[in-house]
Amino acid sequence: MTALPIAASAPRRAPARVLPGFNLTLGFTLLYLSLIVLIPLSALFFKTFTLSGDQFWAAVTGPRVMASYRLTFGASLIAALVNVVFGLLVAWVLVRYDFFGKKIVDALVDLPFALPTAVAGISLTALLAGNGWVGQYLEPLGIQLAFNPNGVVIALIFIGLPFVVRTVQPVLEDAEKELEEAATCLGATRWQTFSRVIFPTIAPALLTGFAMAFARAIGEYGSVIFIAGNMPMVSEITPLIIIGKLEQYDYAGATAVALVMLVVSFILLLVINGLQTWQRRRSGATS
Amino acid sequence: MSQALSSTKVQAGTTEARWIRRSLIGLALVFMFLFLVLPLAAVFTEALRKGLDAYLQALKEPDAWSAIRLTLVTAAVAVPLNLVFGVAAAWAIAKYEFKGKSLLTTLVDLPFSVSPVVAGLVYVLMFGAQGWFGPWLQANDIKIVFAVPGIILATVFVTFPFIARELIPLMQAQGNDEEQAAIVLGATGWQTFWRVTLPNIKWGLLYGVILCNARAMGEFGAVSVVSGHIRGQTNTMPLHVEILYNEYQSVAAFAVASLLALLALVTLAIKSFIEWQHEQELKASANTPPERPHPQHPS
């Protein structure tokens with residue numbers, strides 16, 4: 001039992017001796033990670049402990065908070081699903097077809113990563129408000145996309161689009177055409193080839209992209225608050241609840257809701273990591 | 001002849017009928033136009049709605065200037081900090097095997113999945129008046145929250161993983177062979193890093209830096225919590241946009257927003273250039289395997 005770890009670690013340590021800097025870089029990494037991320041996040045837990053169980057429960061299940069969970073999770077789910085459909089479409093078109101301006105379209109996909117969220121927020125609001133470019137045509141039809149939950153979904157679609165495109169695109173590029181050729185030679189229709197050969201290959205990537213877009217949407221704040229209208233019980237997202245409690249100096253209440261969000265995002269992070277491992281194993285197995 | 005016949009058949013089998021192709025391209029372009037091009041165009045049109053003079057006037061405001069200055073200072077501190085961290089973390093994670101490595105990699109990614117509002121809140125809990133260090137900071141007359149240091153800390157938090165995340169997969173793919181050769185030939189650790197590793201990772205590094213910079217300059221949620229919104233003092237550009245917008249100064253808000261949109265466009269242009277450059281290099285060195293490390297994106 002005692003001999004085993006030594007035997008196992010001996011060959012592993014060998015490269016570490018050749019390349020210098022292990023202690024320095026790992027030490028710095030751990031120090032910086034602790035100072036910037038881990039210790040501040042632990043403050044969230046310790047602050048929550050100042051609340052009794054009942055107080056905590058009351059803070060995280062108040063009617064306004066519950067309504068905000070419904071909106072945040074519901075809108076994020078819808079937006080991520082829309083992004084799966086259109087993200088797959090955009091990735092497919094970019095990888096498989098040639099058309100004028102393809103390079104520019106490809107570069108534009110990353111716009112939501114690069115454009116500050118507040119800018120996206122005011123600009124989407126300007127477009128969709130009753131007097132905006134798009135809003136003025138929709139309002140006579142009775143469609144309102146700004147200052148209600150619809151606006152939240154639209155802002156979250158904008159934010160999440162690149163995640164699905166950029167996770168599916170490389171997998172689609174690497175997918176072997178020979179498999180499709182074989183399917184065709186064996187008499188499959190194009191739709192059968194897509195649904196039974198191509199889709200299973202890209203499904204893990206699609207799911208990863210979905211989870212990433214969903215995780216990002218849940219925490220999103222900047223782009224949403226301008227377009228949401230922020231009416232309590234109707235169009236108030238959970239991050240805004242935290243801000244609201246902070247502004248009333250209800251630090252413990254804000255912390256309790258923040259802890260719920262932190263736990264959710266941690267679970268999603270683990271899910272995404274698991275999905276990525278699955279995806280890597282999948283693509284490793286086929287190639 | 002039979003080969004030619006079968007190859008055209010297969011060709012038809014691995015792509016779609018022309019009308020399907022055209023409608024898919026059309027649908028994708030319409031979606032991209034509605035969700036990406038229109039919002040971008042709206043920023044500039046709204047900014048120039050009352051003409052160029054009003055636009056320039058809005059940018060000459062002293063409050064706008066101080067917001068621009070604070071944004072530049074914040075990025076100038078946050079990006080180098082995360083650059084040093086990113087290189088160190090990538091070196092430790094990609095070059096060595098150790099216990100808890102996958103946990104460490106997950107923890108490095110953590111700030112991406114934390115809501116920006118929560119990121120801001122944790123610093124208020126640490127350094128705010130009622131926070132852990134609040135009384136001590138007050139006694140020594142140091143302001144962190146609702147002041148510039150808090151803004152910088154929150155920005156460092158949200159941009160924490162950007163550079164590390166670009167470098168880790170890149171350095172893992174490149175392996176240790178070249179570095180080991182350099183060490184065996186008598187190079188010191190620093191020489192190896194500067195002359196062997198750095199040239200190999202320079203494009204990934206630059207890519208991480210521009211993404212980190214774009215996010216640092218554009219961060220809104222986290223900074224909004226710790227800033228205190230003091231005009232002319234603790235307002236970054238995105239916060240200034242919000243204030244102007246809420247005061248119904250639409251042209252001024254979009255004028256400042258247009259600068260941030262330009263920053264986004266420049267970022268995208270540099271990113272495309274890096275990808276193009278990287279492809280050229282791969283083509284030039286024929287003996288390098290044609291893998292294309294499509295840079296991973298932040299989540």
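Order of the sequence lines fixes the chain letters, A, B, ..., with proteins taken first and strands second; residue numbering starts at 1 for each chain. Just so it is clear, the structure is predicted and the values come from calculations on it, not from any experiment. Basis for what follows: all heavy atoms, side chains included, without hydrogens, waters or symmetry-related copies.
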**Request:** Would you mind telling me which of A/Trp133, A/Phe158, A/Phe194 has the largest number of heavy-atom pairs within less than 4.5 Å of chain B?
**Result:**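 When all of A/Trp133, A/Phe158, A/Phe194 are compared, A/Trp133 has the most.
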
**Request:** Find the one option among A/Val109, A/Val134, A/Leu30, A/Leu124 whose heavy-atom pairs under 4.5 Å with chain B are most numerous.
**Result:** A/Val109

Which pair of heavy atoms, one from [X] and one from [Y], lies closest together, and at what distance?
| X | Y | result |
| --- | --- | --- |
| B/Leu268 | A/Ala114 | CD2-CB, 4.1 Å |
| A/Ser265 | B/Ser113 | CB-O, 2.8 Å |
| B/Leu153 | A/Ile36 | CD2-CD1, 4.1 Å |
| A/Leu115 | B/Ala261 | CD1-CA, 3.6 Å |

Under 4.5 Å from a heavy atom of chain A, the part of [X] involved:
| X | answer |
| --- | --- |
| B/Ala17 | neither |
| B/Ser272 | side chain |
| B/Val122 | both |
| B/Pro111 | side chain |
| B/Val266 | neither |

**Item:** Audit row: A/Leu111, B/Phe35, side chain to side chain contact (heavy atoms under 4.5 Å, CB included) steps and yes/no
**Value:** CA-CA 10 Å; A/Leu111 182 71; B/Phe35 273 90; over 6 Å; no

Given a strict heavy-atom distance threshold of 4.5 Å, which part of [X] is in contact with chain B: side chain, backbone, both, or neither?
| X | answer |
| --- | --- |
| A/Ile225 | side chain |
| A/Leu246 | side chain |
| A/Leu259 | neither |
| A/Thr255 | both |
| A/Ile198 | neither |
| A/Trp191 | neither |

**Message:** Between A/Tyr32 and B/Val84, does the side chain to side chain contact (heavy atoms under 4.5 Å, CB included) criterion hold? Intermediate values first, please.
**Reply:** CA-CA 10 Å; A/Tyr32 190 76; B/Val84 173; over 6 Å; no

**ring pair (Phe, Tyr, Trp, His ring centres under 6.0 Å) against B/Phe127, all qualifying residues, sequence neighbours excluded** =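 Once residues adjacent in sequence are excluded, the partners of B/Phe127 under the ring pair (Phe, Tyr, Trp, His ring centres under 6.0 Å) criterion are B/Phe133.
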
**Request:** Not counting sequence neighbours, which residues clear ring pair (Phe, Tyr, Trp, His ring centres under 6.0 Å) with A/Phe214? List them please.
**Result:** none

Are any non-hydrogen side-chain atoms of [X] and [Y] less than 4.5 angstrom apart?
| X | Y | answer |
| --- | --- | --- |
| A/Phe100 | B/Leu29 | no |
| B/Glu16 | A/Trp92 | yes |
| B/Leu107 | A/Leu38 | yes |
| B/Phe160 | A/Leu33 | yes |

**Asked** Is the number of heavy atoms from other residues, nucleotides or ligands under 6.0 Å of A/Ile104 CD1 greater than 12?
**Response**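 Incorrect, the count does not exceed 12.
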
**Request:** Describe, in one word, how the ring planes of B/Phe220 and A/Tyr221 are oriented to each other, choosing from parallel (under 30°), tilted (30 to 60°) and perpendicular (over 60°).
**Result:**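 The rings of B/Phe220 and A/Tyr221 lie parallel, inter-plane angle below 30°.
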
**Request:** For the pair A/Phe86 and B/Phe31, name the ring-plane relationship: parallel under 30°, tilted 30 to 60°, perpendicular over 60°.
**Result:**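 Parallel: the ring planes of A/Phe86 and B/Phe31 meet at under 30°.
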
**Request:** Give, for atom NZ of A/Lys245 and atom CG of B/Leu121, the distance between the pair rounded to the nearest 0.5 Å.
**Result:** 12.0 Å

**Prompt:** Step by step, would you call B/Gln130 with A/Tyr249 a side-chain hydrogen bond (donor to acceptor under 3.5 Å, both in side chains)?
**Reply:** CA-CA 10 Å; B/Gln130 303 178 24; A/Tyr249 300 102; over 6 Å; no

**Request:** Tell me, with the steps shown, if B/Trp91 and A/Thr29 meet side chain to side chain contact (heavy atoms under 4.5 Å, CB included).
**Result:** CA-CA 10 Å; B/Trp91 184 271; A/Thr29 301; over 6 Å; no

**Item:** Stepwise side chain to side chain contact (heavy atoms under 4.5 Å, CB included) check, B/Glu242 with A/Phe226
**Value:** CA-CA 9 Å; B/Glu242 184 202 18; A/Phe226 294 100; 3.7 Å; yes

